[in-house]
*Asks:* 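Take a look at the following structure, please.
What you are looking at is a predicted structure, and each value in this text was computed from that prediction instead of being measured.
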Amino acid sequence: MLEFAETYNAGRKTLFVDVILPLAIAKNYTYRVPFELNDAVAIGKRVVVQFGKSKLYTAIIAGISEHAPEKYEAKYLMDVLDEQPVVTDVQLGFWQWMANYYLCNTGEVMNAALPSALKLASETKIVLNKDYEIDRSGLNDKEYLIVDALDIQPELTVSDIAKLLGQKTVMPILKIMFEKNLIMISETVNERYKPRKRTYIKLNPIYQHDQMRELFEILEKRAPKQADVVLAYLNLSRGGKKVSKPDLIEASGASSAVIKALVEKEIMIAEDVNVSRLFFEGDNDPELTAVLSDEQENVLASIREQFEQKDVVLLHGITSSGKTQLYIKLIEEMIASGRQVLYLLPEIALTTHIIERLRRYFGESIGVYHSRFNDQERVEVWQKVLDGSYKIVLGARSSVFLPFADLGLIVVDEEHETSYKQFDPAPRYNARDAAIYLSALYQGKVLLGSATPSIESYYNAQNGKFGFAELKTRYGGVEMPQIEVVNIAEELKKKTMQSHFTSVLMDDMKQAIERKEQIILFQNRRGYAPVMMCKTCAFTPKCINCDVSLTFHKSSGKMHCHYCGYKEDSPTTCPACGSAHLEYKGFGTEKVEDELTVLMPEARIMRMDLDTTRAKNAFQNIMNDLEEKRLDILVGTQMVAKGLDFADVTVIGIINADSLLKYPDFRANERSFQMLAQVSGRAGRRGKQGKVVIQTYDPSHRVIQQVIDNDYAALYKNEIDERKSFKYPPFYRLIQLDIKHKDPDMLYQQAEFLGTELRKHFGDRVIGPEYPLVSRIRNFYIKTIMLKFERDADSLNKAKDIIRAVLLQFQTTKLSKGSLVQPDVDPY
DNA sequence: AGCACGCCGACT
DNA sequence: GTCGGCGTGCTC
């Protein structure tokens, strides 16, 4: 037998494959291909390999060679999972770029890129597919055994199943079972995406005229509450309007039980309809096919023309100017030419509403990719993008990883959104920037769209790196909001201020509440008061870990550090001199909320900042309350901007614009001027006039004037000029290096070491290590070093080399014990 | 990322 | 005397 095998295989080549493992490892590993799999291996296919003593992983073939590694004996790969590659060459190139650009390992990119069902590992947990009735007669022995076992024990790992079947390679079997919808990957993190529903109530159409009267008489006698509901319904539905359940409850004063009873009696019919959370661009015109305005036509022509020369065009279109319609036109043209389109949206904007509208328009060729979709759905989208049956993908940031065959256009909507940046696990990528690179790999085009572009994109457009187009008028006759600037100093003089509110803002708020409309108040500081100071000796409580003053939080009664989270009890007497004269300086959202409750006791007020949204779903819950009008006034920090798109939010108050216009910490206030512009441009839609009240001590401030004049060009120009002279200009690349250590002395030593190494080459372009501060989080001291760059690839690459070298040294010398956290690279 | 190997503190 | 803490190094 042996002889036969040798003879038989003599003419065959011995192949080796380099594979990417889904782990944070610096390099690819080489495995030997068993002869019988020689024909099966190809770049981009998945293989099963044993890594380490016992672990099995799904890896991706990144290269094939005939040369045996010299220094070690390669293990055999166990199996090839795919008939066709699941990852394209272009993607592999993209992964490589991303690992290099964001200083991480390809394995980490692979982890972010592939849905977990495509990377089964021995520890992956398998469950039965609950949505599927299993026909056991159609199962083979092994499948039967697995299904049986899963009936008894709902969750098994891949290695459990291997033990069960008494064989090592079970991945192919599981892969087939997965494709047959028999099993699923156990999902612990992803809740399944549920579209938001609203219940509409209507009267059973059998009740008309006489029947109606009869019904009403019966109800009035036997169930007066139900009669009230019917009456309220008739009132609300006048003119053929749809009536929602919450509206009906409010108008009739009945409980939902009463409505339930009516529905059970089939007098009324309940109907669940998917609703969107937010109203988006183009909402004012029901049909996306609507005729474009002259301005839109011109801008469209300009974008087309610029695409001849440039790969990226920035479309700056004010709110309600009809950007979406332009996207659709361009998407249509791209589809017609046979290429694929990726439409990127920030997570929050991916609602069933916009999905359905596009699906109605583009039919079955549109796929949606979303982190809240389960793995099945994600794999399905993956496959359909790969085989080309999806022409358009609408997705959040991770959709840049999909296996497009021929991507002609990427639309990045709301390009300024920070949620395009992945912060926590590596790769710490920004999908907008990654999209620009990705597009270049396909020789495609990118359209960045925003009502308030990011300063870096605007700068790129101004520099000629990107093309630029502008939509300046609202579409369909929607009014711009009225902006009123109120001088706080004057009102203080006239004594018309009530706490932090000017008479103008108070009046507008009262009127809005009378009209049953909503108000958003913006204050960019959380907590009650940012500084506490002793009136006698000027002592200020400071954080024991960080070099900042502590903020007083009334809700907890403690002093909080906003950098590291340290808390201590709020002192009643000065810890330094014992004086009882302690004073709060400045104010935050808590104080605004507090005083508003006193001034407007009837209003339903809610606060939205980091403190109130820390709990899971808290953000979403507040948004729902706002949407469903369970609150009148929302007070909050930057994050309230996400609620600005609700139709009934007509009054927006900026409590203190001055704090937005200073830059004590350039990163915290990176987009504050934009915030002002964003907030101002958005109040009021769907025929309702919006009003923005800007409270300030400095009404003639340049930025405020430019916001009033809606003069974005000047606003951005000034902003860019100003920041050119600033210590940390936004159009430099910044590399942020966090050094983490348990021992503060070592931390400083390491930080200095890195600083010195970098300074050898970059001199004063290295900011820090004194910037910004040391924080202590979970027993680790953390220090950040910043490095700024002109936008040239050479310096960036040089810096990366140094950082890599330092990383290596940290890992191999006595210096290490702490670590240099994966650097965060940002192309600001 | 896991996991084994290895060197110092508080326990039967 | 050992059990177990996590620091360090290795995985083709």
*Asks:* Hey, does K27(A) reach any base, or is it just sugar-phosphate, or nothing, if we go heavy atoms under 4.0 Å?
*Replies:*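 The residue K27(A) makes base contact.
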
*Asks:* Can you tell me how far C1' of dT11(C) sits from CG of L77(A), to the nearest Å?
*Replies:*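 It works out to 16 Å between those atoms.
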
*Asks:* Give a yes/no answer on whether the side chain of Y31(A) brings an N or O atom under 4.0 Å of OP1 or OP2 in dC12(C).
*Replies:*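 For dC12(C), OP1 or OP2 has a side-chain N or O of Y31(A) closer than 4.0 Å.
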
*Asks:* Might you work through the side chain to side chain donor-acceptor pair (under 3.5 Å) test for K45(A) and Q84(A), ending with a clear yes or no?
*Replies:* CA-CA 7 Å; K45(A) 282 189 186 180; Q84(A) 293 301 320; over 6 Å; no

*Asks:* Ring centroid separation for F51(A) and Y29(A), is it under 6.0 angstrom?
*Replies:* yes

*Asks:* Measure CE/M110(A) against P/dA1(B) and give the value in whole Å, please.
*Replies:* 15 Å

*Asks:* Please give, in whole Å, the distance from dA1(B) C1' to N111(A) CG?
*Replies:*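 Whole-Å distance recorded here is 9 Å.
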
*Asks:* Looking at N38(A) and K13(A), would you say the former's side chain and the latter's main chain have a donor-acceptor pair under 3.5 Å?
*Replies:* yes

*Asks:* To the nearest angstrom, how far is R32(A) atom CZ from dC12(C) atom C1'?
*Replies:* 13 Å

*Asks:* Rounded to whole Å, please give me the gap between CD1 in I25(A) and C1' in dG2(B).
*Replies:* 9 Å

*Asks:* Is it true that F401(A) and Y429(A) have ring centroids separated by less than 6.0 Å?
*Replies:*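 Close enough - the centres of the two rings lie under 6.0 Å apart.
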
*Asks:* Would you mind reading off the distance between K75(A) atom NZ and dC12(C) atom P, rounded to a whole angstrom?
*Replies:* 4 Å

*Asks:* Rounded to whole Å, how long is the line connecting atom CG of L23(A) with atom P of dC12(C)?
*Replies:*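 After rounding, the reported distance stands at 11 Å.
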
*Asks:* To the nearest Å, give me how far apart CD (E108(A)) and P (dG2(B)) are.
*Replies:*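 E108(A) atom CD is separated from dG2(B) atom P by 12 Å.
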
